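Shown next, in structure tokens, is the structure this report addresses.
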Amino acid sequence: MSSPHHVVNRTLLALCGAVLGAGGLLGVSSWSVVAERLPSWWPSAQPGSVLLDRAGLGELRHEDWWTPVVIAGAATVLLASLLVLWFQAAAGRAGPALLTLARPDVTVRTRALADALTRDVCALPSVADGRVRVRGGPEELRARIRLRLEPGAEPRAVLRQLSEETLAEARASVAPRRVRAEVRVSVRSHRARRAL
């Protein structure tokens with residue numbers, strides 16, 4: 001199942017593609033080969049002319065719908081520009097999907113490495129639940145680790161074991177890259193269940 005982030009990305013890409021496709025169709029409609037096959041209501045310019053001249057623009061400005069359409073169009077262009085910037089930022093921080101390990105012929109997917117680290121983290125004593133996200137760069141691997149501890153667990157002991165075992169193994173497997181870990185710890189609540 002796709003994550004919500006991927007669903008949003010794909011939806012926004014589809015919307016941007018639809019807007020750009022519609023703009024392209026409008027531009028192509030001025031070609032004589034295409035203009036002959038378009039329905040009569042389709043706006044098209046005569047060959048050698050513009051789609052909207054000064055007189056036509058003056059007439060449109062007196063229409064009630066003109067101002068809202070112009071504002072909506074400007075808002076759409078602004079939103080599309082912001083989405084493009086967001087896509088670029090998201091692509092820039094994602095890092096490579098494949099990491100080359102110590103031997104050049106051995107690679108691992110960052111997702112597979114994150115899944116393996118998540119299993120190792122969840123297997124630690126006193127850990128109720130955990131999740132690891134991995135971002136890789138050419139020189140450094142960043143791991144975001146979220147731990148939820150059992151009630152009464154000693155966080156210092158869990159963090160020591162995490163550092164000495166799980167992260168040490170990760171550092172050895174992705175050498176010569178450095179591994180920087182950001183750990184967030186919470187404690188699972190132990191509320192008593194009520195019987196109905």
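Numbers for residues simply follow the sequence, beginning at 1. Quick caveat, the model's predicted, so the values are computed rather than measured.
Pairing each heavy atom of L149 with each of P155, the nearest pair is CD1-CA, 3.8 Å. Nearest heavy-atom pair, S126 versus V158, reported as atom, atom and distance to 0.1 Å: CB-CG2, 4.0 Å. Annotation for A170 and L117: closest pair CB-CD2, 3.9 Å, computed over non-hydrogen atoms. Scanning both residues, A181 and L167, for their nearest heavy atoms gives CB-CD1, 3.8 Å.
Residues W65 and V70 share a hydrophobic cluster, clusters being chains of Ile/Leu/Val/Met/Phe/Trp/Tyr side chains in contact below 4.5 Å. Note on V187: it does not cluster hydrophobically with V127, by side-chain heavy-atom contacts below 4.5 Å among ILVMFWY residues.
By the 4.5 Å heavy-atom criterion applied to side chains, L15 and L83 are not counted as neighbours. Using a 4.5 Å heavy-atom cutoff, the side chains of L162 and L147 are in contact. At a threshold of 4.5 Å between non-hydrogen side-chain atoms, the residues E63 and V69 do not count as touching. L141 places a side-chain heavy atom less than 4.5 Å from the side chain of L113.
We find that D115 and R119 are not joined by a salt bridge, their nearest charged nitrogen and carboxylate oxygen being 4.0 Å or further apart.
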What do the steps show when you test E182 against R180 for salt bridge (charged side-chain N to carboxylate O under 4.0 Å, His left out), and what is the final call?
-> CA-CA 7 Å; E182 176 185 318; R180 185 176 59 151; over 6 Å; no

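Applying the side-chain hydrogen bond (donor to acceptor under 3.5 Å, both in side chains) rule to E164 yields no partners; only residues at least two apart in sequence or on another chain are considered.
Taking CZ of R135 as the reference point, atom CD of E140 lies at 14.0 Å (rounded to 0.5 Å). Note that CD1 of I145 and CZ of R133 are 13.0 Å apart. Values are rounded to the nearest 0.5 Å. Rounding to the nearest 0.5 angstrom, the gap separating the CG atom in L159 from the CG atom in L124 is 10.0 Å.
Applying the side chain to side chain donor-acceptor pair (under 3.5 Å) test to every pair with at least one member in residues 144-154, sequence neighbours left out, gives these pairs: E150-R188.
Of the possible donor and acceptor atoms, one in the side chain of T118 sits under 3.5 Å from a partner among the backbone N and O of A114.
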